[in-house]
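Note sheet for the following structure.
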Amino acid sequence: MLWNFSKSTSALKLLPLLCCFETYKAQSMQITEKEILQALSHVEEPDLKRDIVSLNMVRDIQITEDKISFTVVLTTPACPLKEIIRNACENAIRHFVNGHFVIEVNMTSQVTSKINTSSFLKGVKNIIGIASGKGGVGKSTIAANLAISLAQMGARVGLLDADIYGPSIPILLGLEEERPLAHSINGKDYIVPIQKFGLQVMSLGFLVPAGQAVVWRGPMASKAIMQMAGDTQWENVDYLIIDMPPGTGDIHISLCQQLPMTGAIVVTTPQTVALADARKAAAMFTMDSIKVPLIGIVENMSYFCPPEEPTKKYYIFGKDGAKQLAEEFNVPLLAQIPLVEEIRNGSDMGIPIALIADSPQAKAFENLAMLTAQRISILNA
Ligand SMILES: Nc1ncnc2c1ncn2[C@@H]1O[C@H](COP(=O)(O)OP(=O)(O)OP(=O)(O)O)[C@@H](O)[C@H]1O
Ligand SMILES: [Mg+2]
């Protein structure tokens, strides 16, 4: 640093340094907010392909004698490009304004939304359906772990179990004994979602006694889900993850047509039979009468990792099927989650793997959460 000189430095030697310091101080006085904004207008948001100033992402600029600080408002707390944007901001200030200042870039986020939920599902910014054509491929596992990872990154997340005939979210989150409370607002009754692991959770499993089968015809089941979704008191939810039932039936059509869905994620396993059903689910979302954007494909049980050889990969169900499906629909393959005992175990125990901070599987779900949030920001832009 300029003024960090040794005690033996003579007064004469110090003079140029002090003069320099004075000029430097004077310069700082002259720096304006406009100059800072001009410099930051050279920083592009890599996903949205526009500069961060025109996107109104720069706030709270402060200039002191030796420090420039400002806040960048990201479109999601799960932004994978946080550090790239921070570095680009610092470089722009150094290059266009002054290279000697301490630069403090604070990061915050405001999740974007382009759906209108002002009356129905008030307080929900984005609705994401997790679907697959086939049963048992891991929709609920992916939905629960994705929701937890998003919440751990600082987003406000709701999880709605729409699998009315086989709700499994209460088991996955260890909530089998929970019964939600009702709450009246302006004469209308709302259900208060159960809070767990930082999520707001609602499932028909909370309302029907365990072990009792729901034997409703399609239209009645669809109506019940819509009512459950709308009557839940969601509190400022950035991402509402919906765990959909298997197939492409009445419930899917109702959810897609009656809810302003931001997008859908299709889960598949690598076998040909699962891929064939996943293709039908993906095709359903792209139908003219449905038109829900596909966020991407998740391949679950991609390969088997034996506990005694965790670095080994055995492609027991086949390889690259989901990659081809993603290419076919021109969407990203968001994740390839291995078949590992800890995932099944975590679900059975009600402690999803995404909560185990240092596990490679939690890292995989964190990555999935970042890519999902990134795709949503792009869809909303
Ligand atoms: N990657 C994985 N590794 C090991 N086990 C897994 C994995 N993914 C899911 N499972 C297990 O597979 C079973 C089915 O998963 P899950 O219930 O999530 O599937 P689903 O698609 O939601 O099923 P359904 O169609 O019945 O709703 C569960 O026991 C779950 O713990
Ligand atoms: Mg399920």
Side-chain angles (χ1 to χ4, degrees), residues 128-149 159-176 201-206 208 213-214 221 225 241-252 255 264-271 273-278 280-282 284 297-307 309-310 312-319 321-322 333-356 359-369:
I128 302 124
I130 310 293
S132 75
K134 195 166 160 39
V137 296
K139 290 175 295 299
S140 305
T141 308
I142 301 293
N145 283 288
L146 168 63
I148 288 172
S149 293
L159 178 58
L160 174 68
D161 185 354
D163 194 347
I164 208 153
Y165 300 113
S168 42
I169 292 297
I171 296 177
L172 260 62
L173 300 184
L175 294 171
E176 294 112 299
V201 190
M202 192 57 214
S203 168
L204 193 79
F206 298 147
V208 174
V214 171
I225 290 178
I241 309 289
I242 304 188
D243 178 21
M244 291 185 157
T248 50
D250 278 355
I251 292 175
H252 303 80
L255 282 169
I265 292 176
V266 172
V267 181
T268 185
T269 50
Q271 304 97 312
V273 279
L275 284 163
D277 287 353
K280 284 181 204 156
M284 173 190 76
I297 309 287
V298 170
E299 187 178 70
N300 189 27
M301 310 189 201
S302 291
Y303 48 88
F304 172 62
C305 283
E309 295 172 294
K312 270 258 157 66
K313 293 179 178 178
Y314 294 94
Y315 293 90
I316 48 179
F317 297 141
K319 205 177 166 193
L333 176 60
L334 298 167
Q336 290 181 296
I337 308 289
L339 173 67
V340 286
E341 194 182 349
E342 295 103 296
I343 294 185
R344 199 267 316 139
N345 210 19
S347 296
D348 284 356
M349 309 259 295
I351 305 166
I353 193 87
L355 292 164
I356 315 298
S359 81
Q361 276 68 47
K363 191 81 208 139
F365 281 110
E366 192 183 302
N367 232 18
L368 168 64

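We count ligands from 1, going down the list as the structure has it; atoms in each ligand are counted the same way.
Summarising the contacts of atom 29 (O) of ligand 1 with E341, R344, M244, E342, the nearest heavy atom is found in R344. Of all the listed residues (T141, I169, L172), T141 holds the heavy atom that lies closest to atom 16 (P) of ligand 1.
Checked by distance only, ligand 1 and D243 stay at 3.5 Å or farther apart across all their nitrogen or oxygen atoms. Not one N or O of G135 is nearer than 3.5 Å to an N or O of ligand 1, by distance alone. Checked by distance only, ligand 1 and K139 come closer than 3.5 Å through their nitrogen or oxygen atoms. Note: no N/O pair closer than 3.5 Å links G166 and ligand 1 by distance alone. For ligand 1, the polar-atom distance check against V137 finds a nitrogen or oxygen pair separated by under 3.5 Å.
The contact set between ligand 1 and S347, taken as ligand atoms under 4.0 Å from a residue heavy atom, comprises 31 (O).
Remark: the S132 side chain and the T268 side chain contain no N/O donor-acceptor pair separated by less than 3.5 Å.
Around CD of E341, the count of heavy atoms belonging to other residues, nucleotides or ligands within 6.0 Å does not exceed 12.
In this structure, P338 counts as a contact residue of ligand 1, since one of its heavy atoms falls inside 4.0 Å of the ligand.
There is a protein heavy atom closer than 4.0 angstrom to atom 4 (C) of ligand 1. For atom 13 (C) of ligand 1, the nearest protein heavy atom lies 4.0 Å or farther away.
When non-hydrogen atoms are compared, ligand 1 lies under 4.0 Å from the backbone of V340 (N, CA, C, O) but not from its side chain. Contacts between D163 and ligand 1, counted as non-hydrogen atom pairs separated by less than 4.0 Å, involve the side chain only.
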